[in-house]
Each structure stands twice: as structure tokens, then as C-alpha cells.
Amino acid sequence: MTEQPLVSIRDLKKHFTVGRKLFGPKPVLRAVDGVDLDIRRGETLGLVGESGCGKSTLARTLIRLYEPTTGSMVFDGQDVAHLSERDLVPFRRRVQMIFQDPYASLNGRMTVRDLIAEPLEIARIGTPESRTAKVHELLARVGLHADHANRFAHEFSGGQRQRIGIARAIALEPDLVICDEPISALDVSVQAQVVNMLEDLQDQLGLTYLFITHDLSMVRHISDRIGVMYLGKIVELASNTDLYARPSHPYTRALLASIPVPDPTATRPADPVRGEIPSAMAVPSGCRFRTRCPMATELCASSEPTLRDIGGGHLAACHYAGTELAA
Amino acid sequence: MTQSTSGTPVLSVRDLTTSFFSQRGEVQAVRGVSFDVHPGEILGIVGESGSGKSITCMSVLRLLKATGRIKAGSANFDGQDLLALDEADLSDIRGNKIGMIFQDPMTSLNPTLSVGEQVIETILRHRKATRAEARARAIELFELVRIPSAADRLKSYPHEFSGGMRQRVMIAIALACDPRLLIADEPTTALDVTIQRQILGLLRDLQARLGMAVILITHDLGVIAEVTDRIVVMYGGLVMETGPVRELFAHPMHPYTRGLLASVPDLRDDTHRRLTPIPGSPPDMAHPPAGCPFTARCPHAMRQCAAELPPIFGHSQGARCWLHHPDAPRIAGINEVAA
């Protein structure tokens, strides 16, 4: 890799203190607990993991909706982890977010025109007339009509609302768009429409995507590289093809084996993983997956594996990844 | 798994028609749905939001919201029409001969009672048993659904359980009285994939061991493929296609079923092949179209399709589509098997 990545996250942590305790330290929820991650220009980086793994907290910390506890986040050469609100303004124009629920994320009292023009107004770009023209152009880009501009969001279906959310996200021509479960609230027949559109927009506008999802079939389809998160850390990161062909972390293997395949003739492994994800307030010592891992040893309890290259840029955080034992 | 299409069905639904009434007028959620569930089979009802799949089952159980009304139809269970029973007879059947599981176990469980109390309550309501017997049965049920340290966990409250464990509690309650039929409405939708796998495995095991019939309602084609024997595909308040799961996935007869299967990415395919969405969106059930509800989105729609609702053509596998009329034009993959 000669080119500098667009985003470079190092040892990022976001801890929350929760509850009240009169004596002793307050319990700490380690939502993001030491993440290293590069996002390359123009790529789609998929981030998968189950609920509670910290993937949404990571995204929200990256756009500074949450203050990072420690660590650095370099965006296009500038560390944005500790910038003041005022100095964040140019950064915030260049990073936008698409949310999961198109019903909750759009203000029902605003017209589609005002919803899409709002980011332009906040950034003081153009005149009201030029902004309206821009709204019409954006509507066309996301497959809606100019005469939709004067209607309200509640008049639209889920898929159309998500298109409005996407038009809003690309209004400022950002470099990075964080898609946080953008299709999980949509019907199957509409999901493919939105995914195809996101792919077209990426080609047309040169966008970089961080695509967060729990849908392992869709993430394979849309991503160039995929990171797997477990309990606040990335446990495996590889190219899309490599991850599915050679899953090297036992958790990745368990996840892949759990996906229901829409083929009644497919053979299915027995329960690939036991138990449930531990609480982020009580992270196990050593490897955080060891309590559910079928191949855990004493080493896993005493020493935490680092995310290391096991060949060809395929990263895995498992003592046994890439060894005979893991095969 | 055998697909028993002979013998007396456990549940036989005929021409079920349910509407909701609001200021907007009548929303025709279910428009004449018929299907059978046979002993020992898992029937999947698949459809997108608004297809009428959940309303169908809520109608059968007579658990509709106040604005909903069953306008016509019958639901024969154990020699009785559930739709004609009075409320007292019906509550003898619900939770007793018919068990139910819903998507969100947190809203189905009482947060102020221990889970053990809720299981025991269900047993005492429907069975002649002492409290001690009911408690023993509750422990047995918790062990059956593989809740670790069953006897201790009876004392826990719903909020002390994870989503997966709560769904196990719901299954234990549903199975408390050895139901002949279990209705599961999106039982794993709120769960993570690894937990979903555990719960689906559990449901399949229990079904095989206890021999009950199961109706599984879901929008997830993967879940359908994984656990069901036969499927009913719903769209626009109607049954669009029905058949054994393998045949239906291998040769979908209805363009809607075909479109649905084509729009999900294949996990085993890494070619980044463009997805094939179904254009448009589902019909507004306040003004359902006169003909086939899929006409506006169908790549093969004919004039006839908009004019008149087709009947279901076919036998063990059948589709509500004019393309299966003997006089319809031949279309590869739909009514003509590719050479």
C-alpha cells in the first residue's frame, strides 16, 4: 500500500461509565476497546458483528458523535480524535452517515426539499434557488422525482425514505459515507434496489463506504474488505474473497456457519458456537472469545492475541490462526 | 422430514378475510387465505411487511387489535371452528392446545413476575396439577429448552435474561401443555445469527421429539429454507404460491417468488454480480388492485393480470398466476422448464 488510507484508526477506545456506585470504581462498559483499522480511498469496508460488539459505537465515535476515550483517528492526514467542535466543521462536511431506520431519522415536519437542503443550509452553500436546483439533482440521483420535493417523509415507503436519507447524506459531496445498517429495516425486495443504488453512487461520486451490518450475505456482496468485530475489538480483517474462503478466527467461522442459507438442500453444521456474547462490562481475560471458543487453551486465558498478518494482508487475532491447529 | 399431505390436517384455514378499519377507511389485510397444516410438519409462511402473514395467524388465534375484524372464513382445529368459538372456549385452546411464540419475548413476558411463576401459571391454568407438580414440570421444560441450571433460573425475572434466553423461556411456556400446534411469528428476527442458529436448532429438535405441527412466520428466506417442510408465500393479503420447500426453491412458479429469491445475494457467490431487485413497492392495501396484486411490479404482466385476480393453478405446488393458465404464453423458467 503506497497510497495513504483515507481513515486510519489506532488503538481507539470508547468506554462508558454506567450506573452509580457509592464506593469503589464505577462499572465501565468497554464498547470499543482498542481498534486498529484503515479505510482505503474508494473502497467499501464492511464491518460485521453481533449486537453489542461495538460496531455502531465505533461508527459514532468516528464521526465524533461520541468523544473517544483514547486513541487516534486520522482522517486524510489530520487527527480528528481530539479536535474541538469548531475545528470539526470541515471534517463533518466530508463524513456523512446513513442510518438504519428511515422512519426515525427523518423529521416528519419537514418537506423532502427542506430535509435534503438542510445540510447545504448549515454549510451555507448556495442561494435558496440554487439549493432547490441541487435538491432536484440529488432526487434524480437517488431515483426519486423532482415533484417529490414538496411532500413529507411520511408519505413515502421505507425504501423511498431511505433514498431521501441517502440524498441528504451525499448533498455535501462527502468523501466517506458511514452506512449503519442501511437496509436492515427494509423488505427483501427493496433491499436490493437500495444496495444497487449505493453501488452506482459510489462509482459516480467516488465515495468511500464504511458499511456496518449484521447481514453476512449482503456484506459479502457489497464490500471489498470486511472486518469482523467481537466485544469491542476487530478479530479478523481480510478481503471479501479471502474472508469467506479462509475464515481464520474461530468466531468468524462460527458466524459464517450460522447464516441461514436460502437453499433447502444445503447441508448445515450443528450449533457452531455455544453460549452467548459476554457483557462488555466483564470482558474475559486473554482472548475475549475464549469463553465460547471450541479450541480455547490455557494460552488463550492468559495472553491476549494481537491482530496480526497471517499472510497476504489477511489479519486475524487468534493465537492459532494460520497454524495446523486452526485448520 | 416427511411431508405429510395426507390425513386430517391439524389446522385447516379457509377463505380467511380480515380488514382493519380506521379514519383512512378499510385496509384489506387478508383477502381470502386458505391453507392446511398437517400433523408433524413445519409450515412456513413467508412474506414481506404488509403481506398479511402475521395478520393471518393473529386472526386464527383471534388476537387482533380492536380495529381489526374477521369478515369471513373458517379455521378448523380439532373439529372446532376457532373463528366461531366463544372467548371462554377459545382461551382453553390458546396456550394449551395451540402454543404461541412472538418476535419480541420482552413484550410477551410479564416483567414483574419471575419466569418460573409465568410457566407455572400457564400449567395451572390449563392442567389439573398441584403447585409442586407444576413446578417440577417447569424445571423439566427449562431443561427441554436447554436453559442452564434450570431450577435456579425459575426465580429469575425476564430482564435478567438475554434475548436468546428469553426466547427459550417463551418456547418453554408455549410447550407447557404439550400443544398440537405451535405458531411462531418471527421467533428469531430480533436475535443475532449465532443465537438464531441455536433457537432454530432447538425448534427443529423439539418439533421432531414432540411431534407437534408448527407454523413459522418469517420474512427470511434463509430461515424458511432451513427449517420448514412446506411454504405458503403471501403478498398483498393473498396466498401467491404454495408447495414443498425443495420444489418451491428449485422451481418457483410465481414471478413474485422468483423475484424474491433473485433479490437476495448468494453467500457462496463472490463475483459482486449486480443484484436483481423487484422494482417498485408493494400495493396499498387500502386500495388493493382488482387483479393480481403483483401486476405493477411483474416483468411478465399481461392485460388479463390487471383485470382479474387469478385462481391458484397447480396441485401439491401451486401459484396464483395467469401464466399457469393452459392458454398462457410460454415463459422460460416460469411455466416452461428450461431444456
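Just so we're on the same page: letters track the sequence lines, and every chain starts at 1.
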Q: Going from OG1 on T265(A) to CZ on R246(B), what distance comes out if it is rounded to the nearest 0.5 angstrom?
A: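 With rounding to 0.5 Å, OG1 (T265(A)) is 6.0 Å from CZ (R246(B)).
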Q: Return the minimal non-hydrogen interatomic distance between A225(B) and V261(A), and the atom names on each side.
A: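 Minimum heavy-atom separation between A225(B) and V261(A): CB-O, 3.5 Å.
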Q: Select, from S217(A), S189(A), G158(A), the one with the greatest count of heavy-atom pairs under 4.5 Å involving chain B.
A: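 Answer, by heavy-atom pair count under 4.5 Å with chain B: S189(A).
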Q: Pick one of side chain, backbone, both or neither for A245(A), based on which atoms fall under 4.5 Å of a heavy atom in chain B.
A: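 Contact with chain B involves no heavy atom of A245(A) at all.
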Q: With chain A as the partner, which of P279(B), G259(B), P265(B) has the greatest number of non-hydrogen pairs under 4.5 Å?
A: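 Heavy-atom pair counts peak at P265(B).
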Q: What residues form a side-chain hydrogen bond (donor to acceptor under 3.5 Å, both in side chains) with T295(B), not counting sequence neighbours?
A: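 Residues passing side-chain hydrogen bond (donor to acceptor under 3.5 Å, both in side chains) with T295(B): none at all.
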Q: Is I277(A) close to chain B through its backbone or its side chain, or both, or neither, when contacts mean heavy atoms under 4.5 Å?
A: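 It is neither, since no heavy atom gets under 4.5 Å.
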Q: How far does CG of L275(B) sit from CD of Q191(A), to the nearest 0.5 angstrom?
A: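 These two atoms lie 9.5 Å from each other.
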Q: For Q193(A), is it the side chain, the backbone, both, or neither that has a heavy atom closer than 4.5 Å to a heavy atom of chain B?
A: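 Both backbone and side chain.
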Q: Highest number of heavy-atom pairs under 4.5 Å with chain A: which of G164(B), G163(B), G280(B)?
A: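 Maximum pair count with chain A is reached by G280(B).
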Q: Please find the pair of heavy atoms, one from A192(A) and one from T276(B), that lie closest to each other, and give the distance.
A: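 Heavy-atom minimum between the residues: CB-C, 4.4 Å.
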Q: Among all residues two or more places apart in sequence or in another chain, which pass the salt bridge (Lys or Arg N to Asp or Glu O under 4.0 Å) test with R246(A)?
A: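 Here the qualifying residues are D242(A).
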Q: Which value, rounded to the nearest 0.5 Å, describes the distance between I259(A) atom CD1 and Q196(B) atom CD?
A: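 I259(A) atom CD1 to Q196(B) atom CD measures 10.5 Å (nearest 0.5 Å).
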Q: Could you tell me which of A266(A), A257(A), G49(A) has the largest number of non-hydrogen atom pairs under 4.5 Å with chain B?
A: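 Going by pairs under 4.5 Å, I would pick A257(A).
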Q: Which pair of heavy atoms, one from P260(A) and one from G222(B), lies closest together, and at what distance?
A: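 Of all heavy-atom pairs spanning P260(A) and G222(B), the closest is CB-C, 3.4 Å.
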Q: How far does OG of S157(A) sit from CG of D284(B), to the nearest 0.5 angstrom?
A: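 Reported to 0.5 Å precision, the distance equals 11.0 Å.
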Q: Can you tell me how far the CG atom of L191(B) sits from the CD atom of E50(A), to the nearest 0.5 Å?
A: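 Between atom CG of L191(B) and atom CD of E50(A) there are 10.0 Å.
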Q: Which atom names give the shortest non-hydrogen contact between Q198(B) and V273(A), and what distance separates them?
A: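 Closest pair (atom of Q198(B), atom of V273(A), distance): NE2-O, 2.9 Å.
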Q: Checking side-chain hydrogen bond (donor to acceptor under 3.5 Å, both in side chains) against D187(A), which of S51(B), S49(B), S281(B) comes through?
A: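 Only one option passes, and that is S49(B).
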Q: Do you know which of S162(B), G50(B), P148(B) has the most heavy-atom pairs with chain A at a distance under 4.5 angstrom?
A: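 Highest number of pairs under 4.5 Å: S162(B).
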Q: Does atom NE2 of H154(A) have more than 12 heavy-atom neighbours, drawn from other residues, nucleotides or ligands, at distances under 6.0 Å?
A: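 For H154(A), atom NE2 is crowded (more than 12 foreign heavy atoms under 6.0 Å).
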Q: Could you tell me whether the side chain of I195(B) reaches within less than 4.5 Å of the side chain of E276(A), counting heavy atoms only?
A: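 Yes - at least one pair of side-chain heavy atoms lies under 4.5 Å apart.
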Q: Heavy-atom distance under 4.5 Å to chain B: side chain of R292(A), backbone, both or neither?
A: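 The side chain, not the backbone.
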Q: Compare every heavy atom of E48(B) with every heavy atom of V188(A), then report the nearest pair and how far apart it is.
A: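 Scanning both residues completely, I find the closest heavy atoms to be N-OE1, 3.5 Å.
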Q: Tell me which of these, D192(B), L260(B), I224(B), has more heavy-atom pairs under 4.5 Å with chain A than the rest.
A: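 Greatest number of close heavy-atom pairs with chain A: D192(B).
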